[in-house]
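A quick write-up on the structure given underneath.
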Number of protein chains: 2
Amino acid sequence: MRRPTLEAVAARAGVSRATASRVVNGSETVHAQIRDAVLRAVDELGYVPNSAARSLVTRRTDSIGLVVSEPPAAEDPLFSVLVRAVGRELERVGKQVVLMLASSSAAYARIERYVAGGHVDGVILLSTHGADPLPAALARSHVPVVSYGRPVATVSLPYCDCDNVGGARAAARHLLERGRWRIAAIAGPPDMPAGRDRLAGYRDVLSAADRRSLVAMGDFTRESGAAAMRQLLLDGPDLDAVFAATDLMAIGALHTLRRMGRRVPDDVAVVGFDDIEEARYTDPALTSVRTPVAAVAEAIVQRLLGPDRFAEPTVLPAELIVRDSS
Amino acid sequence: MRRPTLEAVAARAGVSRATASRVVNGSETVHAQIRDAVLRAVDELGYVPNSAARSLVTRRTDSIGLVVSEPPAAEDPLFSVLVRAVGRELERVGKQVVLMLASSSAAYARIERYVAGGHVDGVILLSTHGADPLPAALARSHVPVVSYGRPVATVSLPYCDCDNVGGARAAARHLLERGRWRIAAIAGPPDMPAGRDRLAGYRDVLSAADRRSLVAMGDFTRESGAAAMRQLLLDGPDLDAVFAATDLMAIGALHTLRRMGRRVPDDVAVVGFDDIEEARYTDPALTSVRTPVAAVAEAIVQRLLGPDRFAEPTVLPAELIVRDSS
DNA sequence: TTCCTTTGAGAGAGCGCTCTCTCCGAGACG
DNA sequence: CGTCTCGGAGAGAGCGCTCTCTCAAAGGAA
């Protein structure tokens, strides 16, 4: 009933356990004839190495933790893209993905212990916000960590990201070029680097053009975008353009604008950020800044497994996709 | 540099390794005084049990595989909901989530070996389609498996699901009650049980009312929904209602209807399925059947860890949410 | 007191694997 | 022919933990 061991394979092939181990691990120093015999035994017995035993001695676990420090918003369209990209890359090098969701503070402690306990060979850290204790804790552990997105300034951690600042600049420039005069923004939470950077890029361009701007705050969700838009219309009824730090918030803004009877883009132009699929199906189709999520995920895996984890952060360009809403 | 072992803890506390082990594992038969000494040593040394060593002897891994047999569509809004729910439930009982994406056939083989090799204590199987070899392979392994959604008829596997048939019936009945005469459907791929069941429920109601129906095929994406809608309008220009097997396809259909100048719901009523968040932000807001994804995920975990895995499948009700599109 | 039970702690045998060290035999060279 | 080298296989020591078995000490009954 029990799974066959390397011992059994060795016995069947008529070699020592050491030789069987060599074959299983692809050593070059084994005679072809003996190797074939061992491989045949492996096949016949359906042998699968016991990873617990293996990692007990090698001190590797061949698994990478994907730590989601703030659980994704209930429905996060990019979460599946990211997880898939990470999974694909890690699979290529034979690593397992261990998912760790840090939802409660009990979970924080558990994850910290788990990672520090050496149960994963590395960690990909996702979606951190200001007060999150996890990045600092993981940075302290001796396990390699790479963050998806720039971590908060107080913690130094290798990361890969898309060019949030550049993308936001492009969006703001685009609105100016379209001749919009009263431009407003819906920003993300100020303690999230992605939100800060997008707002910073936007502000760069506006101050360079000597413009002021209304800014309302959202939390990256559609609902918060809708609420922020209501606030903006209250504060600046004459606005003619809105830049939202995420497509979801832009979609919420579109919803509010529709309800308030403003035409898009005639009365108000709208630009989002992320270029999620949904942006192509809104009415009108949403202009947005495309974030190369999958490419960033790949870069993270490369960096995590590569030799120069602490090289300059990889920052991939974000491209403005112009559609009908602006 | 190396992590402290149980041996070190025992030495520091002045007890044997066995006693230290007892304390760490919460045995009742240890004097309070000794227990405290051990716990203090654990704390001082920052001891974390080595899970490889532990599972080598216990033959448990304390981790559950989440096998996604078809990778989620690039952006799958429900994927994050599901993963989160599963993660939350498993964390509660101290299990890790190991994510396995079966994208290539090489990955299939790897997953099969991994699971059969006893590296996980159980498997949650996700989103299977007809030709998928994985459900059968996993059913053959001696590892507990529970499927999210009814698996194809050819493989017998415990599962939990939402009531696709009942939900589709409710949707169809709703359209009839609204006085719609030429009702069409956009179905999912015929080899996916969810798609089949939704179509079956819809057909039940229509045949009972002695109606015929046009059916176009989609693949659960917005784009396929848009294409299917074009086809339906070509085949039945006089249709006045559409039932789509997923919200994404319904959203694609809305897009096509808008382009073709049909008013929703005046000319054509639209009903979707899943009740994703996006459905509340379409114009008009989409009527949909709510699938209790998180609740199903919880039921799956209960079943996977519980004693009666092979009891009748849990099928949770799906509720029709009426909005402006119908 | 003696014998037996009970409670709680220690000894030690593995779990299945890797990897170093040892050893053997064959070929090269003087 | 003896010595040296070297490729390739085996022996065996652990990796850190759990868990059974053993045993000592203490308490209770006869």
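Quick caveat: nothing in here was measured; it's all calculated off a predicted structure. To find a chain, count down the sequence lines: A is the first, B the second, and so on, and within it residues start at 1.
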State which residues pass side-chain contact (heavy atoms from CB on, under 4.5 Å) with [X]; sequence neighbours excluded, sorted by chain then number.
X         : answer
Gln302(A) : Glu89(A)
Val296(A) : Tyr148(A), Cys160(A), Cys162(A), Pro292(A), Ile300(A), Leu316(A)
Val315(B) : Asp163(B)
Val23(A)  : Val30(A), Arg35(A), Val38(A), Leu39(A)

Exercise. Identify, residue by residue, the members of residues 31-40 of chain A with a heavy atom below 4.0 Å from DNA chain D, and return them in order of residue number, or none.
Key: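 His31(A), Ile34(A) - these, ordered by number, are the residues of the stretch whose heavy atoms sit under 4.0 Å from the strand.
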
Practice problem: Only counting residues at least two apart or in another chain, list the ones meeting salt bridge (charged side-chain N to carboxylate O under 4.0 Å, His left out) with Asp191(B). | Solution: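 For Asp191(B) there are no salt bridge (charged side-chain N to carboxylate O under 4.0 Å, His left out) partners, ignoring immediate neighbours.
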
Exercise. Kindly calculate the angle separating the two end axes of the helix from dT1(C)-dA30(D) to dG30(C)-dC1(D), each obtained from five base pairs, and round it to 10 degrees.
Key: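 Comparing the first five pairs with the last five, the axes sit 50° apart.
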
Quiz item: With a 3.5 Å cut-off and no angle check, do the side chains of Ser103(A) and Arg88(B) form a donor-acceptor pair?
Solution: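 On atom types as modelled, these side chains do not qualify, holding no pair under 3.5 Å.
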
Self-check item: salt bridge (charged side-chain N to carboxylate O under 4.0 Å, His left out) contacts in which one or both residues fall within residues 10-32 of chain A, not counting sequence neighbours
Solution: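 Matches after skipping sequence neighbours: Glu7(A)-Arg17(A), Arg12(A)-Glu44(A).
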
Quiz item: Any salt bridge (charged side-chain N to carboxylate O under 4.0 Å, His left out) pairs touching residues 136-153 of chain B, not counting sequence neighbours?
Solution: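 For residues 136-153 of chain B, and leaving out neighbouring residues, the salt bridge (charged side-chain N to carboxylate O under 4.0 Å, His left out) pairs sorted by first residue read Arg150(B)-Asp197(B).
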
Practice problem: Can you tell me which residue pairs pass the side-chain hydrogen bond (donor to acceptor under 3.5 Å, both in side chains) test with a partner in residues 107-117 of chain A, sequence neighbours excluded? | Solution: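 Checked against side-chain hydrogen bond (donor to acceptor under 3.5 Å, both in side chains) - neighbours excluded - no pair reaches residues 107-117 of chain A.
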
Exercise. Using a 4.0 Å cut-off on protein heavy atoms (strictly under), produce a 5'-to-3' string for nucleotides 16-26 of chain C with B for base contact, S for backbone-only sugar-phosphate contact, and - for none.
Key: BBBB-------

Quiz item: Tell me the ring pair (Phe, Tyr, Trp, His ring centres under 6.0 Å) pairs involving residues 30-79 of chain B, sequence neighbours left out?
Solution: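 Of all non-adjacent pairs touching residues 30-79 of chain B, none passes ring pair (Phe, Tyr, Trp, His ring centres under 6.0 Å).
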
